[in-house]
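Computed over heavy atoms, backbone and side chain alike; hydrogens, waters and symmetry mates excluded. We name chains A, B, ... by the order of the sequence lines, and we start the count at 1 in each one.
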2 protein chains.
Amino acid sequence: MSLRHAMLGLLSAGPASGYDLLKTFEISLASVWPATQSQLYAELGRLSKEGLVRVVAEGPRGRKEYEITEEGHAELRHWLVEVSPNQTRRSDMLLRVFFLDQVDAEAARGYLERLAERAVHEHDQLRGIREFVISEGDDALRLYGDIALEWGLRLTAAQRDWAEWAAARVAALEQQKAGHTTAE
Amino acid sequence: MSLRHAMLGLLSAGPASGYDLLKTFEISLASVWPATQSQLYAELGRLSKEGLVRVVAEGPRGRKEYEITEEGHAELRHWLVEVSPNQTRRSDMLLRVFFLDQVDAEAARGYLERLAERAVHEHDQLRGIREFVISEGDDALRLYGDIALEWGLRLTAAQRDWAEWAAARVAALEQQKAGHTTAE
DNA sequence: TCTAACATGTAAAACGTTACATGATTTC
DNA sequence: GAAATCATGTAACGTTTTACATGTTAGA
């Protein structure tokens with residue numbers, strides 16, 4: 001149930017409407033905790049009923065602005081430091097690797113090379129974001145945003161290195177097989 | 001819909017019952033694509049109805065052995081090389097980092113230090129597995145299993161390094177705040 | 001005036017987890 | 001004979017995705 005905590009986290013920076021939260025999810029949280037419009041409005045209703053958020057203002061077009069309550073804040077802090085993070089990271093990218101012996105070595109290598117390319121692309125995007133984000137915001141906010149960004153940079157760099165290494169190992173297997181065949 | 005592909009992948013190594021698949025999921029695939037008994041039996045029913053697998057033998061205690069069909073194999077290969085992997089990796093671990101400014105620096109540092117410890121623990125476990133697994137199995141199988149394991153090792157190493165680096169940055173912030181306070 | 005952006009909500013389907021329910025066979 | 005393991009299945013519930021549905025306001 002991290003969706004509600006993501007929402008409480010965003011609201012802890014100031015009041016916002018469902019629509020505002022949706023935009024923030026699309027822009028900032030898309031790669032960490034994607035959420036859809038349906039989910040957000042439904043969850044806002046629940047949070048409100050449970051007293052973790054409260055409507056503080058109504059604007060044009062039925063806009064409702066929500067504010068985090070003290071209970072909401074307590075729940076957020078509880079989750080941050082007392083609930084241990086979920087360790088299972090489902091990865092269909094890695095799942096494929098387990099079964100790559102079902103296709104020929106060339107196709108397997110192609111798969112790994114595409115992974116490497118994608119990692120490079122993502123890494124570059126993150127570097128772009130870092131350039132853009134430098135300065136502005138208070139100390140702590142900037143620090144944790146930067147720490148999160150650094151994880152993205154390290155993860156994508158590690159993925160690139162690994163995928164390139166793996167593709168090379170598959171290429172070596174191809175060579176070996178080719179040599180073996182012609183030698184027969 | 002990767003569950004079915006995980007199952008097809010396992011069945012491509014030879015026929016198995018739902019119970020067999022469950023054991024394999026628990027042992028080998030737990031950290032990549034966890035699945036429960038309910039899910040497996042339900043999905044076997046669907047796969048069977050769609051002709052991707054077929055019952056080839058019935059044993060004691062109502063045991064049904066399933067075999068992958070040619071259609072199943074085709075679907076597996078299609079998924080392996082033609083369906084692009086899902087890039088969104090939901091991470092409540094990283095989500096927390098975004099909101100760490102809501103707790104004091106000491107608690108934030110504690111969170112990051114626990115992440116580092118956990119990464120070390122996971123890394124050690126994977127090293128243990130590598131020791132144990134060396135040799136046995138055919139060329140390609142061993143290669144891809146080893147490539148997957150290597151990813152786990154690199155990922156956990158990167159997480160340890162990052163979490164330690166992040167904890168140090170937070171510690172620096174604590175120092176700075178402390179110095180600032182006493183200077184006033 | 002038209003279009004884009006703002007703004008909220010509901011419904012159905014797919015996927016995933018936990019719990020319930022039952023029974024057969026092997027092993028000690 | 002009791003306990004562990006083998007073996008399958010269903011039900012209830014919670015989360016996530018996709019699609020439907022509607023209406024307002026600001027700006028070109």
Atom-to-atom span, CG of A:Leu47 to P of D:dT15 - whole angstrom
11 Å
Any ion pair linking B:Glu43 and B:Arg46 (charged N to carboxylate O, less than 4.0 Å)?
yes
Check the hydrophobic clustering (I, L, V, M, F, W, Y; side-chain heavy atoms under 4.5 Å; chains of links allowed) and say if A:Leu173 and A:Leu100 are grouped together.
yes
Identify whether any heavy atom of A:Arg90 sits under 4.0 Å from a base atom; if not, whether one sits that close to sugar-phosphate; answer base, sugar-phosphate or nothing.
sugar-phosphate
Sequence neighbours excluded, the answer for ring-ring contact (aromatic ring centres under 6.0 Å, His included) partners of B:Trp151 is A:Trp162
Interface residues of residues 34-46 of chain B with DNA chain D (non-hydrogen, below 4.0 angstrom)
B:Gln37, B:Ser38, B:Tyr41
Strictly below 4.0 Å, N to O, side chains only: are A:Arg169 and B:Glu150 in salt-bridge contact?
no
Thinking salt bridges, do B:Glu70 and B:Arg77 make one under a 4.0 Å N-O criterion?
yes
Between B:Val81, B:Leu76, B:Leu8, which is the residue that forms a side-chain contact (heavy atoms from CB on, under 4.5 Å) with A:Gln102?
B:Leu76
Taking any atom closer than 4.0 angstrom to a non-hydrogen atom of chain A, what span of DNA chain C does the protein reach, first nucleotide to last?
C:dA5 to C:dT17
Strand contacts (DNA chain C) in residues 8-33 of chain B, 4.0 angstrom heavy-atom criterion:
B:Trp33
Heavy-atom closest pair, residues B:Ala16 and B:Leu11
N-CD2, 3.7 Å
Interatomic distance, A:Lys64 atom NZ to A:Ser48 atom OG [nearest 0.5 angstrom]:
8.0 Å
Minimum-distance pair of heavy atoms, taken over all atoms of A:Ala105 and B:Tyr144
CA-OH, 4.3 Å
Ionic contact status for B:Asp124 with B:Arg160, cut-off 4.0 Å:
no
Between residues 50-68 of chain A and DNA chain D, which residues have a heavy-atom gap below 4.0 Å?
A:Pro60, A:Arg61
Side-chain contact test, heavy atoms from C-beta onward, threshold under 4.5 Å: evaluate it for A:Asn86 versus B:Met93 and give yes or no.
no
With sequence neighbours excluded, what pairs up with A:Glu106 under the salt bridge (charged side-chain N to carboxylate O under 4.0 Å, His left out) test?
none
If you draw a 6.0 Å radius around NE2 in B:His78, do more than 12 non-hydrogen atoms from other residues or ligands fall strictly inside?
yes
